[in-house]
Amino acid sequence: MTERSVLAIVLAAGLGTRMKSELPKVMHPIGGLPLAGHVLSTLERACVDRVAVVTGPDMEVLEQLVGQMLPGAACHIQTERLGTAHAALAAKPALEGQLDEVLVLFGDTPLITPETVNTVRKALQNGADVAVLGFEAANPYGYGRLVTENGRLVAIREEKDATEEERQLTLCNSGIMGFAGQHAKTLLETIGNDNAKGEYYLTDAVEIASRTGLNVIAVTASEQDVQGINTRAQLAECEAIFQARKRQEVLETGVTLLAPETVFFAHDTVIESDVVIEQNVVFGPGVVVETGSVIRAFSHLEGATVGEGSTVGPYARLRPGAKLTGQAHIGNFVEIKNTEIGQGAKVNHLSYIGDALVGAKTNIGAGTITCNYDGFGKHRTEIGGGSFIGSNATLVAPLSLGAGVYVAAGSTVTEQVPPNALVIGRGRQVVKQERASELRDRFRAAKEAKG
Ligand code: UD1
Ligand code: MG
C-alpha cells in the first residue's frame with residue numbers, strides 16, 4: 001500500500017457559523033486537541049505522508065498546529081468560502097504530478113480512525129474511480145444523502161437540495177471521499193454551483209463521475225467514526241464518544257477505573273498498567289502516570305508526570321511541569337506546579353509548591369507555601385533530600401535549603417539554609433500566667449456595666 005502515491009486534502013476553512021464562536025471551527029478541542037489535529041493524527045497513523053490542509057484567511061492558529069503536528073504538510077488558503085469543492089481546489093498545487101489516490105477529509109470530522117481511512121483506500125485499489133464513505137445516520141438531518149439506483153451510487157443530495165423523498169434516506173455522506181489520482185483534478189474542476197446554497201459542492205463529483213461512466217462506489221463506516229461537527233451540541237457528543245473510546249482503551253491496558261464514566265482523559269494521556277484511578281478525575285493534556293500509582297478522587301492533572309508507585313489526591317492538583325519521581329505522596333488540597341518531587345517525598349496537606357525542587361524523602365508539612373512570585377517574576381525554591389519542613393512554613397523564593405534541614409513549624413524562611421541546619425523563623429512565644437482569667441473577668445465586668 002505504501003508504494004502508491006497518496007495525497008490527503010483536509011478541508012478546514014471557515015468559522016463554522018453555527019458554532020457561534022470567534023475560534024475557527026476545526027480549532028475547537030476534543031480531548032484537549034483541536035478537531036483538525038485529530039484528523040492529522042489519524043492520517044499520520046494511517047501512514048499517509050502527503051497532506052495538504054485547506055485553511056481560511058486569518059487562521060494562523062491552524063497553520064501553527066499543522067506545523068507542529070505534520071511539519072511536512074502544506075497549508076493552502078481558501079480566500080473565499082465557496083463550498084467544499086472550491087476548498088479542495090485551493091490545494092490545486094498539491095494535485096499536480098502523478099498521484100494514485102487523492103483522499104479528501106473534513107477537519108470537522110475528528111473521530112475517524114486509520115482503519116476507516118484504509119477502507120476508502122482499499123476501494124480505490126480495487127478499481128473504484130470515486131469512493132464515498134457513507135454511514136447509516138440515526139438522525140440524518142443536515143447530512144448529504146447517498147442516492148442509489150439499482151444498488152449503484154448515482155448522486156449525493158445535500159439537505160437543502162433534497163426532495164421530500166430523498167430526505168427519508170438514512171444512508172449519509174461522511175464527507176470522506178477518495179478519487180483515483182488521474183480523475184481527481186478534472187472532476188473537481190467540473191463541479192458547478194447551481195444549488196440551493198450557490199456553493200461548489202464536493203459531493204457533486206459523484207453525479208458527474210457516475211454520468212460519465214466512471215466506477216463510483218460507496219463504502220461504509222459506523223456513525224461514531226464519522227460524526228461531523230457543525231454545532232456545540234455535536235462537539236459535546238463527539239467529546240463523549242472520544243471519552244468512551246479512551247476509557248475502553250485505558251481499561252484494556254490493565255488500568256482500574258472505579259467509575260469509568262467519571263474520569264476524563266486528554267488525547268495524549270498515558271496511563272501505565274496497574275494504576276488505579278478513583279472517581280471524578282480529570283486529565284488535561286500531557287499527563288503520564290506510571291505503573292502502580294493511585295490517583296484518588298477529585299484530582300486534576302495537566303502536563304504532569306506521576307512516577308511509579310505514587311499516590312495523588314484526593315483533591316490534588318498537578319499543574320504543568322509537576323514531575324513526581326516515584327513513590328511520592330501528594331495529598332488533599334495540594335497544588336504542585338513546575339516542580340520536581342524527589343523519590344518518596346511527601347506533600348500531604350494543603351500546600352502550594354511551585355517552581356521548586358524537593359529532594360528525595362523530604363516531608364513537607366501541612367500548609368507549606370513556596371512564595372515563588374513577587375508580582376513581576378517567578379523564583380525557584382530548592383529543598384535538599386531528607387528534609388523536614390514544619391507545618392505552615394512560608395518559603396520565600398529565590399531560596400535554597402540544603403539536605404537534611406529542619407524547618408520549624410510556622411517559619412518564614414527568606415535566606416539560604418546550610419545542610420542539616422535547624423531554622424526557626426517566627427515570633428517567640430510569650431506565656432503570661434493566670435492572665436486568661438484576669439482578661440475574662442475584665443471583659444465580663446465591662447459588659448455588665450453596659451447593662
Ligand atoms: C458536508 C457535506 C455533506 C456531509 C457532511 C458530513 C458537502 C457539500 N456537504 O456538509 O454531504 O454529509 O459534510 O459532515 O460537502 N469547508 C471549507 N471551505 C468551504 C466549505 C467547507 O474548508 O468553503 C470545510 C469546513 O471547514 C468543514 C468541511 O469543509 O471542515 C465541511 O464543511 P461543512 O460546512 O461543515 O459541511 P456540512 O454542511 O457539514
Ligand atoms: Mg460539517
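Start at 1 and go down the list; that is how both ligands and their atoms are numbered. Side chains are part of it too, since the values below use all heavy atoms of this structure and drop only hydrogens, waters and symmetry mates. Along the sequence shown, residues carry numbers from 1.
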Given 3.5 Å as the limit, does a donor-acceptor pair link the side chain of Gln234 with the main chain of Ile229, or not? no

Has Thr109 got an N/O/S atom less than 2.8 Å from the Mg ion (ligand 2)? no

Can you tell me which residue and heavy atom of the protein come closest to atom 39 (O) of ligand 1, and the distance to 0.1 Å? Asn230 ND2, 3.1 Å

Please identify which atoms of ligand 1 are closer than 4.0 Å to at least one heavy atom of Thr203. 7 (C), 8 (C), 11 (O), 15 (O)

Side-chain H-bond candidate by donor/acceptor type, Lys378 with Asn338, under 3.5 Å: no

Asp108, N/O/S atom nearest the Mg ion (ligand 2): OD2

Does a donor on one side chain sit under 3.5 Å from an acceptor on the other, for Gln78 and His86? yes

May I ask you to decide whether Glu96 forms a salt bridge with Lys185, counting only side-chain N to carboxylate O separations under 4.0 Å? yes

Going by an N to O cut-off under 4.0 Å, is there a salt bridge joining Arg167 and Asp161? no

Could you identify the single nearest non-hydrogen protein atom to atom 23 (O) of ligand 1 and state the distance to 0.1 Å? Gly83 N, 2.8 Å

Distance from atom 4 (C) of ligand 1 to nearest protein heavy atom, with residue and atom: Asn173 O, 3.2 Å

List every atom of ligand 1 that sits less than 4.0 Å from any heavy atom of Lys25, numbering the atoms from 1 in the order shown and giving each element. 35 (O)

Describe, in one word, how the ring planes of Phe333 and Tyr315 are oriented to each other, choosing from parallel (under 30°), tilted (30 to 60°) and perpendicular (over 60°). parallel

Between Phe264 and Arg247, is there a cation-pi geometry (under 6.0 Å to ring centre, at most 45° from the normal)? yes

Quick one: does Leu11 get an N or O within less than 3.5 Å of an N or O on ligand 1? yes

On a heavy-atom basis, the closest approach of Ala209 and Val130 is CB-CG2, 3.8 Å

Ligand 1 versus His86: contacting region, heavy-atom distance under 4.0 Å: neither

Please determine if Tyr201 has a nitrogen or oxygen closer than 3.5 Å to a nitrogen or oxygen of ligand 1. no

Give the atom numbers and elements of ligand 1 that come within less than 4.0 Å of a heavy atom of Ser174. 6 (C), 14 (O)

Leu82, portion touching ligand 1 at heavy-atom distance under 4.0 Å: backbone

Could you find the nearest protein heavy atom to atom 14 (O) of ligand 1 and give me its residue, atom name and distance? Tyr143 CE2, 3.6 Å

Looking only at N/O atoms, are Glu158 and ligand 1 under 3.5 Å apart anywhere? yes

Is the His267-Phe242 ring centre distance short of 6.0 angstrom? no

May I ask you to decide if the ring planes of Phe283 and Phe265 are parallel, tilted or perpendicular, using 30° and 60° as cut-offs? parallel

for atom 16 (N) of ligand 1, nearest protein heavy atom and its distance come out as Arg81 NH2, 3.7 Å

Would you say Gln78 touches ligand 1, if touching means a heavy atom closer than 4.0 Å? yes

Charged N-O contact under 4.0 Å between Arg296 and Glu278: yes

Any salt bridge between Glu149 and Arg152, counting N to O under 4.0 Å? no

So if I apply the side-chain contact (heavy atoms from CB on, under 4.5 Å) rule between Leu43 and each of Val6, Asp49, Val51, which one comes out positive? Val51

Could you tell me whether ligand 1 has any atom less than 4.0 Å away from a heavy atom of Gly107? yes

Would you please determine whether Val54 falls within less than 4.0 Å of ligand 1 on a heavy-atom basis? no

Which of the numbered atoms in ligand 1 are below 4.0 angstrom from a heavy atom of Gly144? 3 (C), 4 (C), 11 (O), 12 (O)

So, is Thr84 polar-close to ligand 1, with some N/O to N/O distance under 3.5 Å? yes

Considering only heavy atoms of Phe106, which atoms of ligand 1 have at least one such atom less than 4.0 Å away? 1 (C), 2 (C), 13 (O), 15 (O), 28 (C), 31 (C)

Does Glu207 pair with Arg157 as a salt bridge, N-O distance under 4.0 Å? yes

Protein non-hydrogen atom below 4.0 angstrom of atom 36 (O) of ligand 1 present: no

Nearest candidate to atom 25 (C) of ligand 1, where distance is taken over non-hydrogen atoms, out of Gly14, Cys172, Gly16, Ala13: Ala13

